[in-house]
Every structure is written in C-alpha cells, then in structure tokens.
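Heads up: the structure comes next, in structure tokens.
Each chain gets a letter, A, B and so on, in the order its sequence line appears, and its residues count up from 1.
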Protein chains: 2
Amino acid sequence: MFESSHLAKKYKIKKCECPSGKMTRFVEPCLLFFLSRKSSYGYELMERLNNFGFQEAKPDPAMVYRTLRYLEKEGCVSSKWDTGQAGPAKRNYTLTSKGLALLHAWAEGIAIRRQVLGKFLNQYKEHFKGKKPLNVSSK
Amino acid sequence: MFESSHLAKKYKIKKCECPSGKMTRFVEPCLLFFLSRKSSYGYELMERLNNFGFQEAKPDPAMVYRTLRYLEKEGCVSSKWDTGQAGPAKRNYTLTSKGLALLHAWAEGIAIRRQVLGKFLNQYKEHFKGKKPLNVSSK
DNA sequence: TCATATATATGTATATTACATATAGTATAC
DNA sequence: GTATACTATATGTAATATACATATATATGA
C-alpha cells in the first residue's frame with residue numbers, strides 16, 4: 001500500500017514511503033562497538049552488521065568504508081594495512097580511547113532514543129487497545 | 001568533546017559529531033498518532049511534538065508543515081481552513097483511513113527498531129559490565 | 001504603534017543514505 | 001590457462017532528509 005514512489009521535483013518532498021524509521025547514523029556506534037571487542041577490518045565488520053538484526057538489506061559497503069575513514073580522520077580509530085594473510089590486503093582498525101568515549105556517548109543517546117520509542121509505543125497501544133479507530137474520516 | 005564541526009568540502013563527510021541517533025522521519029508517525037486522537041493544525045501539533053520527549057530542541061516548523069502537506073498529498077490526512085476562531089486562520093487536519101493504516105505500519109516498524117536498539121544496548125552493557133576497557137589503544 | 005504571539009509557508013544549505021561502479025588479489029572449477 | 005566467484009577497499013553521484021533562514025499575515029496587549 002505504501003510502496004509507490006514519486007517523480008522527483010525540486011523542493012517537493014519525494015521519498016520512500018516505507019515506514020522503516022531507521023536510526024540515523026546507526027552504523028557508526030555499531031562499528032565502534034564491534035571494534036571495542038576486537039580489532040577488525042571493513043569487510044568483516046560489514047558481515048557482523050549483517051548479522052546484527054537489521055531488517056534492512058545488507059549494509060551498504062560504501063557506508064561502512066566511509067564511516068571507518070571518517071572515524072579515523074576524527075581520531076576515533078586507527079588503522080594499518082594487514083598484508084600477512086591470504087587474499088587482498090586488509091585495512092585493520094583499532095579503537096582509540098577517543099573512539100571508546102564516543103561509543104559511550106552513543107550508548108547514552110541510544111538509550112534515550114529507545115525510551116522515546118517506548119513512550120510512543122505505549123501511548124499508541126494505550127490508545128488503540130481493543131478499540132475501533134476513532135476520529136478518522138472514511139475517505 | 002564531540003562538538004566541533006568541519007569545513008564543508010564536496011564529497012568529504014561533514015556532520016555534527018553529537019551522537020544523537022535520531023530516528024529518520026520520526027515526526028511523521030508522531031503527527032499521524034496525534035491526529036488519530038484528535039483533528040488538529042500545524043501549530044498545535046508542533047507544541048505536542050515539543051512535549052513528547054525529544055531531547056532535541058523544538059521541532060522545526062518547516063518539518064511539521066511540509067510533512068503535513070506531504071501526508072495530504074498522499075491522502076493520509078485531509079485539511080480545511082478554520083477561520084472561525086480568533087487569530088490567523090488555521091489549516092485543520094483530519095486523519096484518513098489510509099493515514100490510519102500508515103500509522104499502524106509505522107508502529108510495527110518502530111517496535112522492531114526499538115528491539116534492535118535494545119539488542120545493541122544489551123550487548124554493550126554485557127561487554128562493559130564492571131570492566132576496564134579492552135582492545136583500546138592508548139592514543 | 002510597537003512588540004509579541006499565533007499561524008502557515010517557502011528557499012536553500014547541509015547532512016545522510018542508496019545505488020552504481022572501479023580496482024585488484026586469490027582460489028577453484030572447468 | 002582462463003573464466004568465474006569471492007574477498008577486499010574505494011569513490012562518484014543521485015536521492016533523501018534535516019537545519020536554518022526568512023517571508024507573510026492576523027490578532028493582542030503594553
């Protein structure tokens with residue numbers, strides 16, 4: 001019912017109507033968290049994101065690689081090439097103390113965000129509990 | 001620590017470093033839900049958003065008004081001018097049955113999203129439970 | 001009348017995500 | 001030996017979403 005998309009027109013809103021409600025920049029805290037457990041590289045981190053519980057399709061490699069580079073630019077991770085293994089060289093990332101602080105900050109923000117979603121859902125459930133829709137036009 | 005922002009350069013990532021992790025398009029389900037309880041107009045809905053629990057600053061009027069117009073274009077709400085009251089005319093919005101269906105779809109998506117955040121937080125808490133940071137360089 | 005509150009709306013810069021594509025090393029199947 | 005697939009990183013750009021600025025108009029109270 002909400003799948004059709006629209007012609008792009010400047011300054012007219014055009015978007016996917018699917019109510020996914022994704023969390024903005026959620027890959028960033030995930031990467032920080034994965035790295036807090038173990039140093040790793042883009043391709044493997046991508047696979048872990050994939051198994052994390054996203055209902056969305058596979059995470060975009062571009063997102064993963066660019067986020068890692070951004071985090072490095074900010075001093076939140078550091079990297080070095082790993083050419084020791086078989087296969088193409090990997091860029092191995094390690095969390096820095098600044099990155100750890102950022103992860104903790106993210107965790108606080110995510111906890112608050114989760115509470116807001118809970119508040120929404122509680123009010124929603126309360127309102128529609130065993131109830132026919134009200135205040136809704138038949139159009 | 002994460003407040004500084006960067007010079008804009010094309011195709012270089014530039015963003016606010018605050019880990020807000022806002023939920024994409026969250027005003028949309030909020031507006032739908034508010035309207036499911038009572039027909040209303042932009043300015044009042046804006047105030048309700050303000051009291052909903054956002055840690056963010058006041059919601060942007062542009063977001064509210066444009067989202068309402070978008071929802072009307074999609075047939076999820078309908079509006080008519082209310083000139084009966086004192087003050088400037090209000091555009092009064094009413095939820096349609098399509099809008100109600102969209103609200104229900106949003107609620108499902110939000111519930112899933114909340115679970116993902118919970119999963120993240122559980123793993124995070126588990127990992128850092130009474131523990132000194134590990135695998136973190138001292139840089 | 002001047003400031004303030006109410007009310008709606010648009011313009012555009014910035015931020016974020018999605019999709020496409022490029023490159024290259026290695027393995028294995030034929 | 002070479003075509004194919006998998007591993008691995010990276011960039012270009014279109015589409016989407018948010019943030020900030022600003023414009024307009026009505027009404028109220030100092």
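Taking atom CH2 of residue A:W81 and atom P of nucleotide D:dT9, one finds them 7 Å apart after rounding to whole Å. Atom OH of A:Y65 is separated from atom C1' of C:dC19 by 16 Å (rounded to the nearest Å). One atom, CG of B:N92, and another, P of C:dA7, lie 11 Å apart when rounded to the nearest Å. For the pair A:Q85 CD and D:dA8 C1', the interatomic distance rounds to 13 Å; values are reported in whole Å. The distance from atom CE of A:M63 to atom P of D:dG12 is 18 Å, rounded to the nearest whole Å. Rounded to an integer number of Å, the gap from B:M23 CE to D:dA17 P is 13 Å. For the pair A:L68 CG and D:dT9 C1', the computed distance is 11 Å after rounding to whole Å. A straight line from CG of A:L31 to C1' of C:dT16 spans 15 Å, rounded to a whole angstrom.
Of the side-chain N and O atoms in A:R91, none sit less than 4.0 angstrom from OP1 or OP2 of D:dT9. Proximity of A:K22 to the phosphate of D:dT16: no side-chain N or O atom is located under 4.0 Å from OP1 or OP2. Proximity of A:R69 to the phosphate of D:dA10: a side-chain N or O atom is located under 4.0 Å from OP1 or OP2. For C:dT17, the OP1/OP2 oxygens have no side-chain nitrogen or oxygen of A:R66 closer than 4.0 Å.
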Please write out the pairs of protein N or O atoms and N or O atoms of nucleotides 1-7 of chain D separated by less than 3.5 Å, giving the distance to one decimal.
from  : atom 1 : to    : atom 2 : distance (Å)
D:dT7 : OP2    : A:Y43 : OH     : 3.1

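Atoms OH and CG, on B:Y93 and B:L35 in that order, are 9.5 Å from each other to the nearest 0.5 Å.
For the salt bridge (charged side-chain N to carboxylate O under 4.0 Å, His left out) test, no residue two or more places apart in sequence or in another chain qualifies with B:E72. A:F120 is linked by a ring pair (Phe, Tyr, Trp, His ring centres under 6.0 Å) to B:F26, B:F33, counting only residues two or more places apart in sequence or in another chain.
In this structure, A:V116 and B:M23 have side chains that are not in contact, with every pair of non-hydrogen atoms separated by 4.5 Å or more. Using a 4.5 Å heavy-atom cutoff, the side chains of A:L45 and A:L68 are in contact.
Annotation: cation-pi pair B:R91/B:Y41 absent, no NZ/CZ under 6.0 Å from the ring centroid and within 45° of its normal.
For A:E44, the CD atom counts as densely surrounded, since its 6.0 Å shell holds more than 12 non-hydrogen atoms of other residues, nucleotides or ligands.
Proximity note for A:A62 (side chain, C-beta onward) versus D:dT18, C:dT8, C:dA20: the nearest is C:dA20.
Within the 4.0 angstrom heavy-atom criterion, only backbone atoms of the sugar-phosphate kind lie near A:A89; the bases stay farther away.
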